[in-house]
Amino acid sequence: MSIESLLRERFSRAIGLAFGSEFAGEPMVKAGDPKFADYQCNAAMALSRQLGRPPREVATEILRHVQLADVCEPAQIAGPGFINVRISTTWLARRLAELFTDSASKARGGVARAAQSATVVVDYAGPNIAKEMHVGHLRSSILGDAIARTLAFVGHRVVRQNHVGDFGTQFGMLIRHAKDLKLDTGEMPQISDLDSYYKQAAQRDKSDPQFAVEARQAVVALQSGDSEALRLWHWIRDESRRHCREIFEFLGITLSEADERGESFYADRLPLVVQRLSEALPMGGDGPYTGTSDIFHPQRQLDANGLNVDGTVEASEPQIVTKAFVAESQGALCVFLPGFVDKDKKPLPLIIRKGDGAYLYATTDLAALYFRIIEEKTTPDQTAPLDQNWHADRIIYTTDARQAQHFSMVFDTIRAAHWDINPVTKLPVVLQHAPFGSILGEDGKPFKTRSGESVKLRELLYEAVQRADAVVEKKNPELPIAARQLVARAVGIGAVKYADLRQDRITDYQFVWDRLLALDGNTGPYLQYTFARIRSIFRKAGEVPATAVTIMLETPQERDVARRILQFSDVVLAVLQDLKPHYLCTYLYDLCGSFSAFYESCPVLKAASPELRQSRLALCDLTAAVLKVGLSDLLGMELLEEM
RNA sequence: GCGCCCGUAGCUCAAUUGGAUAGAGCAUCCGCCUUCUAAGCGGAAUGUUCCGGGUUCGAAUCCCGGCGGGCGCACCA
C-alpha cells in the first residue's frame, strides 16, 4: 500500500472514531512542503465547517484518535489546522528494504496492480492514408501510447486502436484525381508520391467545383463497394500502412497492425448504426419540432428589420432542444442534442448521413463505440485482440482539443441511445476525450517548415537523431561510433517524446530543438543521463547486488531519495486519474534531482563501511528501477547503460 | 455573436485540484572536477499569478464582470 493511501486510511479511521463514520470519507492527505512535513492531512478545516467547531480543535481531536506511532514521528498541528506528518526514518528504511528484497515488486517500482482489471480502449494516432505522417500526429501518438502503456502496466486489459482515416470524404478526392493520373497500380507506390497526389487532389477539390462534386460521388461509390475504387484504395492503403509501421517502429509506439481498425473497417456497419440509432432515439423531436423536415432552417427570408418577408417576426428566443432525437434536415440525417447551437443559435446537428447518402466521421465514431462496447466478437476468423469480446469499461480518445465539441456530441448521442451501458456489468462506460494543444514553433506560431508545410515526422525524427549524435560526439568523444549511434537514436527520439509528455497536454507547447535536447533541466537527456550514471556505478562495483540489505538513511540526501522512491505508485495513480503523463515527468525529474544531490554528497563505492556501501547500492538500484519503469515501461523511452 | 481552452519570474513551464512564505530550468551572478559520467552539484537574485469585484479560516485555482490570445460552431476529419 502506498504511503498516501496508508495515511488516508489511518486518518479516516481516526475521524470516524472522533466524529462518527459519516464524516470519515476520503480525508485529504497530500505530500507536503518538505519544509514542514513529508505529508499533511488537511481534513480538519473541511470538517470544522460541517461540525461547527474551530479547526484546530478538530485537528486536536483527530490527533487524539489517530494511530501513527509505527509510521511517523509525533504529528504536529500547524497554521489553521494542518496536521503535519514526518515519516519516521526507520519506517522509510524498512519499507525500502522490503521493496528491495521483493524482486517482483522492485521490478515494478513498487507499483501495485489494480484491484480490478478493466477493459480500456485507447484510441490514438489515427493517421490518414495517402499522407505522410507529420507533426500533427505526434502528440496523439506519444500521449496515447504513454496512457495505454500506463494502463496496461497497472493491469488493465488495454485495447489499443488506431482509427485510421481511410474511408472518408478525402479519399474521394484521391479516387477522382487518380482517374486523370493514369497510375500504374501494379507497382508499389512511394508514400512521398501518394502525399503529393493527395496535395494535388486537395488543391483541385478547392478550386474546381465540378471536381469536388465528382469527388463526393466517388466517396459514395467507394462506400458502396465499387470495385475500381476499391482496387485503388488497396493500392494506396498498403503503402500507407507500411509507412506508418515504419514511423511507429522508429518512435517506439506500441501500435501493431492488429490494432488498426480504420474507417473502412466500420463501412458495412454504418447503415446498421444509422438504423439502430433511428430506433433507439425518438424521430422528429419534441415540442414544436415534431415530424417536419427542415424544422430549424425553414427557407424563410428576412428583410432589413428582421421580419420575415411574409410579415411574421422571427422568434427571438433561440430554439431549444430538450431531448435528443433524430431528424432529417436539409436532406441530411441528423441527431439533435440539448445544449448544442450553431452561430445563429439554431440547434446544431450531428450529421450521421449526408444529403448525398455518404457517411462521415460522426457515423464512424458511433459505429466504433457500438463495436467497442456492445458488439459480440465471436467469429473464429477474427484475430487478436478481436478474437474475444471487448465490452469496454472505459474508452479514451487522445485527439487534439479542436475536436472537443465533436466528441462531446458523439458521447451525448451514445448516452441518449443508452449504448454506453456495458452489456456485462450493466455499468455506464467511462467515455473520455483527452484533448491536447498544438505544437508551436519558436515564434509561437504553428510549427511549420519554412515554406509553410507541415513538418514530416520522418524528417523530424531523423533530425532529432542527427542533432543528438552531434551532442553525444561533443560530450563523449571516446564513445565508439557504433555505440554512439545507438545513444543518439535513444537520446534524439527520447528527447522528442519527453518534450511532449513533460508538459500539461491541454496547453500548446513550443518545439525548440535546443531546449528539448538540452542536457540540463527537465529534459529526456537529463533523465537518461541520471540512469546511465547509476548503471555506471554498478559496472564499476563489479559485484552482484546483495539480495537483502539494511537500508541506512543517515544523511538528508539519502532520506530524500528514499522518500521520493516510495511516492512513485501514488504518482502513477494520479496520471491515470487525470490522463496526464506530465505528473510522472515532473516526479521523475524531481527523483533525478534528489538522486543527483545524493550522488554528489554520498560516495557509494567508497562508502565508509561495507554495510553503508550495500545500503547505498540498494538506493541506487531502487532509483534505477523506478526510472526504468517510469521512463521505459510507462513513457516508452529507451534507457541507456552508457552515454 | 455563442461555446470551449488558455493567461504564473525577462523566456519556457510546474504548483498533487481550495492549503502554509507560488516552485523548477534557461538566461544573469558566485562557488565546486587528482574521488562512482561536471550531460552534474551547491548558493544568490528574480512575482500586482492579465485587471476588477465576490465566496471563506484560506484563492493562481471556485463564482461574476472585463481585457488579451487560441480554437470550434451543417454535410472535412
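By convention in this document, chain letters (A, B, ...) are assigned in the order of the sequence lines, proteins followed by strands, and residues within each chain are numbered from 1.
RNA chain B is contacted by both A:Gly165 and A:Lys606; A:Lys606 maps to the nucleotide lying nearer its 5′ end (nearest heavy atom per residue). Along RNA chain B, the nucleotide nearest to A:Val471 and the one nearest to A:Ala404 differ in position, and the one closer to the 5' end is contacted by A:Ala404.
Ring geometry, A:Tyr397 versus A:Phe407: the interplanar angle falls from 30° to 60°, so the pair is classed tilted. A tilted orientation is assigned to the rings of A:His137 and A:His134, their planes being inclined by 30° to 60°.
With respect to the salt-bridge test (charged N to carboxylate O, under 4.0 angstrom), the residues A:Lys131 and A:Asp195 do not qualify. Using a cut-off of 4.0 Å between Lys/Arg side-chain N and Asp/Glu carboxylate O, A:Asp344 and A:Lys346 are scored as not salt-bridged. Here A:Arg237 pairs with A:Asp166 in a salt bridge; the nearest charged N to carboxylate O distance falls below 4.0 Å. By the 4.0 Å N-to-carboxylate-O rule, A:Lys497 lies too far from A:Asp500 to be salt-bridged with it. A:Arg484 has a carboxylate O that lies under 4.0 Å from a charged side-chain N of A:Asp469, or vice versa, which qualifies the two as a salt bridge.
The six-membered or imidazole ring of A:His582 lies away from that of A:Tyr509, with a centre-to-centre distance of 6.0 Å or more. In this structure, A:Phe568 has its ring center under 6.0 Å from that of A:Tyr587.
Atom-to-atom, CG of A:Asp590 to C1' of B:G40 comes out at 16 Å; the value is rounded to the nearest Å. Remark: P of B:A27 and CG of A:Leu519 are 11 Å apart, rounded to the nearest angstrom. Rounded to whole Å, atom P of B:C73 lies 10 Å from atom CD of A:Gln403. Between the CG atom of A:Asp344 and the P atom of B:A74 there is a distance of 9 Å, given to the nearest Å.
Comparing B:G42 with B:A24, their C1' atoms are spaced 16 Å from each other, to the whole Å. Between the P atoms of B:G47 and B:C41, the separation comes to 25 Å (whole Å). B:A14 and B:A60 have their C1' atoms separated by 12 Å, given to the nearest Å. Taking the C1' atom of each, B:A45 and B:G23 are spaced 15 Å apart, rounded to whole Å. On the C1' atoms, B:A39 is 15 Å away from B:C26, given to the nearest whole Å.
Residue A:Ser594 forms a side chain to side chain donor-acceptor pair (under 3.5 Å) with just one option from A:Gln557, A:Arg564, A:Glu558, and that option is A:Arg564.
Dashed line: the shortest gap from a side-chain N or O of A:Tyr526 to OP1 or OP2 of B:C41 is under 4.0 Å. Using a 4.0 Å cut-off, no side-chain N or O of A:Arg539 falls inside it from OP1 or OP2 of B:U37. At B:C36, none of the side-chain N or O atoms of A:Arg616 fall inside 4.0 Å of OP1 or OP2 (strictly under the cut-off). Put simply, A:Lys540 has a side-chain N or O that comes within less than 4.0 Å of OP1 or OP2 on B:U37. When the side-chain nitrogen and oxygen atoms of A:His582 are compared with OP1 and OP2 of B:A15, one or more of them lie within a distance under 4.0 Å. Close to B:C76, at under 4.0 Å from its OP1 or OP2, lies no side-chain N or O of A:Gln170.
A search for salt bridge (charged side-chain N to carboxylate O under 4.0 Å, His left out) contacts involving A:Asp504 returns A:Lys580, not counting sequence neighbours.
Distances were taken from every side-chain heavy atom of A:Ala31 (C-beta onward) to each of B:A20, B:C11, B:U16; the shortest belongs to B:U16. Of the candidate nucleotides B:U37, B:A14, B:C73, B:C73 has the atom lying nearest to any side-chain atom of A:Lys343. Picking from B:A74, B:G40, B:A77 the nucleotide with the shortest atom distance to the side chain of A:Leu360 gives B:A77. With distances taken from any side-chain atom of A:Glu263 to the nucleotides B:C13, B:A39, B:A77, the minimum falls on B:A77. If you check B:G25, B:G19, B:A39 against the side chain of A:Lys475, the one that comes closest is B:A39. If you check B:A74, B:A39, B:C41 against the side chain of A:Tyr529, the one that comes closest is B:A39. Listed nucleotides B:A14, B:C2, B:G72 differ in distance to A:Gln405; the shortest reach to its side chain belongs to B:G72.
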Solution key, residues 531-542 of chain A side-chain donor-acceptor pairs under 3.5 Å, sequence neighbours excluded:
unit_1	atom_1	unit_2	atom_2	d
A:Arg533	NE	A:Tyr529	OH	3.2
A:Arg535	NE	A:Glu641	OE1	3.0
A:Arg535	NE	A:Glu641	OE2	3.4
A:Arg539	NH1	A:Glu641	O	2.9
A:Arg539	NH2	A:Glu641	O	3.4

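Judged by distance alone, with hydrogens and angles left aside, the side-chain atoms of A:Thr60 form a donor-acceptor pair with the main-chain N or O of A:Arg56 at under 3.5 Å. Put simply, the side chain of A:Arg505 gets close to the backbone of A:Leu579: a donor and an acceptor are under 3.5 Å apart.
Side-chain N/O atoms of A:His177 and A:Gln200 include a donor and acceptor closer than 3.5 Å. Side-chain polar atoms of A:His406 and A:Asp365 form a donor-acceptor pair below 3.5 angstrom.
Annotation: cation-pi pair A:Arg261/A:Phe265 present, NZ/CZ under 6.0 Å from the ring centroid and within 45° of its normal.
In this entry the base of B:C26 is anti relative to its sugar, with a glycosidic angle more than 90° from 0.
Put simply, the side chain of A:Tyr361 and the base of B:A77 share a donor and an acceptor less than 3.5 Å apart. Donor-acceptor pairing under 3.5 Å, judged by distance alone, is present between the side chain of A:Asn84 and the base of B:A20. For B:A20, its base sits under 3.5 Å from the side chain of A:Gln40 at one donor and acceptor pair at least. At a cut-off of 3.5 angstrom, the base of B:A77 holds no donor-acceptor pair with the side chain of A:Thr169.
Across all strands, A:Ala532 comes closer than 4.0 Å to base atoms (heavy-atom distances). A:Asp400 comes within 4.0 angstrom of no nucleic acid atom, judged by non-hydrogen atoms across all strands. Across all strands shown, A:Met643 has heavy atoms under 4.0 Å from base atoms, whether or not it also approaches the sugar-phosphate.
Applying the 6.0 Å contact sphere to CD of A:Gln50 captures more than 12 heavy atoms from other residues, nucleotides or ligands.
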Report each atom pair, protein N/O against N/O of nucleotides 55-62 of chain B, whose distance is under 3.5 angstrom.
unit_1	atom_1	unit_2	atom_2	d
B:C57	N4	A:Arg49	NH2	3.3

Tabulate protein N/O versus nucleotide N/O from nucleotides 5-7 of chain B, keeping only pairs under 3.5 Å, one per line.
none

What N/O pairs connect the protein and nucleotides 44-47 of chain B at under 3.5 Å? Give each pair on its own line.
none

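In this structure, A:Phe82 forms an aromatic stack with the base of B:A20, since both conditions hold: centre separation below 5.5 Å and plane angle below 30°.
Residues from residues 596-605 of chain A with heavy atoms under 4.0 angstrom of RNA chain B, sorted by number: A:Ser596, A:Ala597, A:Tyr599, A:Glu600, A:Cys602, A:Pro603, A:Val604, A:Leu605.
Of the nucleotides present, B:G72 is the one that pairs with B:C2 by Watson-Crick or G-U wobble criteria, both distances under 3.5 Å. In a base pair of the Watson-Crick type (N1 to N3 plus N6-O4 or O6-N4) or a G-U wobble (N1-O2 and O6-N3), with each distance short of 3.5 Å, B:U21 is matched with no nucleotide. Look at B:U16: it lacks any Watson-Crick or wobble partner with both distances under 3.5 angstrom. Using N1 to N3 plus N6-O4 or O6-N4 for Watson-Crick, or N1-O2 and O6-N3 for G-U wobble, each under 3.5 Å, B:C32 pairs with B:G40.
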